[in-house]
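Atoms considered below: every heavy atom in the structure, side chains included; atoms not considered: hydrogens, waters and symmetry mates.
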Amino acid sequence: MKTNPITPQGKEMARDTTLDAYRALAMLHIVCVIHIFYLLGLGHETARSALLFEMPAIFFIAGASQSLSRNDKGLRETVVNRAWRVLAPFYVSLAVIYAWMALMTVFSEPTEKFNADITQLTLRDVLKTLATGGCPHIPFYGYTWFISCYFIISCSLPLQKKIIKKIPIWAYLALMVAVVATLTPLHFPGEIEIKNLPVYNFFFIAGYAYYRRYSLKALVAVCVVTVAFTVYGFAQGFMMPMQDHKFPADIFFLIFGTAWLTVLALVLRKVRLPYPRILKIWNVRGYNIYLYQLFSFYAVYRLTDPWMAAVGSDTLQFFIYAALVFITATMLSYVTFAIEKYVISKAKSLLNT
């Protein structure tokens, strides 16, 4: 049910639909641009690297959303809330994916590139997926890595609020930058999961602290420095492929993400984006679309595989894929979103009885 937050004075605060539009556009960028590049193997490396700002944007937007919330939840309440909003939909989707894999194993013929065969899954594969990891034996299923990262960071916000009250926010963010820079050259077991946390926490807290609350001079200064460094890094080649700096996330990815966020902040700072129905769908159902996107990609792949090579142009292939994935994902969400809401509602009812 849609509700409006209430100010301490009792007045209703209008919903920030521009932030909703940002969230929808970020999700569209992930599913219909970045994942077409990486899951379908399209795009020149320069474009693939230059446009890889989707996760810094998502975490910044998530932090900004928390800054607008009037509900000052404690740690326990936050963990419970995030578990229902983040983990519960994920496990519902995982159950659906495993059911689909079982059906595909029985009724579908394998393709040259992708074979949906549940018997190929090892115990390690199953445990990894339960821990929100991807799986090479499930077609197009490598995108769930961010869920545990986001869950940990969002649950830690009540603790981080206490720290922010005691030290300046710029000092706190500078400390995170120092941690990221220190961890960057180190290699150890589980480094991807560990290194991701301070990088994405930086973007999350930056959104929480600075969304519509910033010094223009400071924003311009940070933008100039980070953009200059990023352009130099791309020209010299040590910041490409950017995917290598994203997994695990390092200091170069943090600088790159900051460059993009500051440029976008300057360009959009006085722009109020429209919020049409299609953006509302991708905002409200965005996480659901993200979770079930493998079905869209698999359907589009099976549909286009016999003839896509004849198209020739990578650019034209990209736009065909983008249009088909967008249409398929949007239509599929009418089903998957209903399944998600029904199952979670039943689960909550059972736990409350």
Side-chain angles (χ1 to χ4, degrees), residues 30 34-35 37-39 41 43 45-60 62-63 86 90 121-138 140-156 159-160 163 171-206 222 225-261:
I30 292 172
I34 296 302
H35 286 175
F37 283 158
Y38 286 95
L39 297 183
E45 186 53 53
T46 301
R48 288 157 63 102
S49 291
L51 294 175
L52 204 64
F53 61 87
E54 77 292 353
M55 281 302 165
I58 281 291
F59 277 84
F60 183 92
V86 178
F90 164 72
L121 271 62
T122 65
L123 177 59
R124 184 178 184 276
D125 290 331
V126 174
L127 294 176
K128 187 179 178 183
T129 59
L130 290 171
T132 76
C135 178
H137 296 130
I138 301 177
F140 301 108
Y141 195 65
Y143 52 81
T144 55
W145 62 269
F146 102 99
I147 295 172
S148 55
C149 180
Y150 173 72
F151 179 74
I152 293 169
I153 289 172
S154 61
C155 286
S156 71
L159 300 178
Q160 296 195 73
I163 299 173
Y172 187 55
L173 290 174
L175 177 61
M176 275 181 257
V177 172
V179 170
V180 173
T182 301
L183 289 175
T184 292
L186 304 179
H187 300 286
F188 45 84
E191 65 174 310
I192 291 179
E193 292 77 12
I194 292 172
K195 288 181 176 180
N196 279 347
L197 290 172
V199 171
Y200 289 111
N201 192 57
F202 173 88
F203 296 122
F204 183 85
I205 295 299
V222 173
V225 172
T226 55
V227 168
F229 187 93
T230 299
V231 171
Y232 176 76
F234 272 65
Q236 294 298 311
F238 64 83
M239 288 180 74
M240 288 202 305
M242 184 53 66
Q243 185 85 333
D244 292 346
H245 298 288
K246 181 181 177 183
F247 296 108
D250 62 13
I251 189 63
F252 299 111
F253 186 69
L254 187 147
I255 294 170
F256 165 80
T258 303
W260 258 111
L261 290 176

(request) Kindly write out the residues that satisfy side chain to side chain donor-acceptor pair (under 3.5 Å) with E191, not counting sequence neighbours, or none if the list is empty. (result) H187, K195
(request) Quick one: which residue pairs count as a salt bridge (Lys or Arg N to Asp or Glu O under 4.0 Å) with a foot in residues 234-247, not counting sequence neighbours? (result) E54-K246
(message) To the closest 0.5 Å, what do you measure between CG (L121) and NZ (K128)?
(response) 11.5 Å
(request) State, to 0.1 Å, how close P136 and D125 come at their nearest heavy-atom pair, and which atoms those are. (result) CD-OD1, 4.5 Å
(message) Can you list everything that forms a side-chain contact (heavy atoms from CB on, under 4.5 Å) with M240? Sequence neighbours excluded, please.
(response) T46, S49, F234
(message) For F238, I'd like to know if atom CZ has over 12 heavy atoms of other residues, nucleotides or ligands within 6.0 Å.
(response) yes
(message) Any side-chain to backbone donor/acceptor pair from N201 onto P198? Under 3.5 Å, distance only.
(response) no
(request) Tell me, please, which residues at least two apart from A249 pass side-chain contact (heavy atoms from CB on, under 4.5 Å). (result) N196, V199, Y200, F253
(request) Look up atom OH in Y38 and atom CG in L52, then write down how far apart they are to the nearest 0.5 Å. (result) 4.5 Å
Exercise answer: donor-acceptor pairs, residues 145-156 side-chain atoms, under 3.5 Å, sequence neighbours excluded:
residue	atom	partner	partner atom	Å
S148	OG	T132	OG1	3.3
Y150	OH	R82	NH1	3.0
S154	OG	Y150	O	2.8
S154	OG	F151	O	3.2
S156	OG	I153	O	2.7
S156	OG	Q160	NE2	2.8

Going by atom type alone, with no hydrogens or angles, which donor-acceptor pairs under 3.5 Å involve a side-chain atom of residues 175-186 and a protein atom two or more places apart or on another chain?
residue	atom	partner	partner atom	Å
T182	OG1	A178	O	2.8
T184	OG1	V180	O	2.8
T184	OG1	I251	N	3.0

(request) Under the side chain to side chain donor-acceptor pair (under 3.5 Å) rule, collect the residues that match up with D250, sequence neighbours excluded. (result) H245
(message) If we ignore hydrogens and angles and just use 3.5 Å, is the side chain of R48 paired with the main-chain N or O of P241 as donor and acceptor?
(response) no
(request) Please identify each residue that fulfils ring-ring contact (aromatic ring centres under 6.0 Å, His included) with F53, with sequence neighbours left out. (result) H29, W260
(message) For the CZ atom of F90 and the CG atom of L130, what is their distance to the nearest 0.5 Å?
(response) 7.0 Å
(request) Mind checking the CG-CZ spacing from L261 to F60? Nearest 0.5 Å is all I need. (result) 6.0 Å
(message) Between F229 and F252, does the side-chain contact (heavy atoms from CB on, under 4.5 Å) criterion hold? Intermediate values first, please.
(response) CA-CA 9 Å; F229 187 93; F252 299 111; 3.8 Å; yes
(message) Tell me every residue that passes ring-ring contact (aromatic ring centres under 6.0 Å, His included) with Y141, counting only those two or more places apart in sequence or in another chain.
(response) Y143
(request) Could you tell me the separation between the CZ atom of F247 and the CE atom of M242, rounded to the nearest 0.5 Å? (result) 12.5 Å
(request) Check side-chain contact (heavy atoms from CB on, under 4.5 Å) between I163 and all other residues, then give those that pass, not counting sequence neighbours. (result) I167, Y172
(message) Let's go through F203 and M55 carefully: what are the C-alpha distance in whole Å and the side-chain angles of both, what is the deciding distance for side-chain contact (heavy atoms from CB on, under 4.5 Å) to 0.1 Å, and is it a yes or a no?
(response) CA-CA 9 Å; F203 296 122; M55 281 302 165; over 6 Å; no
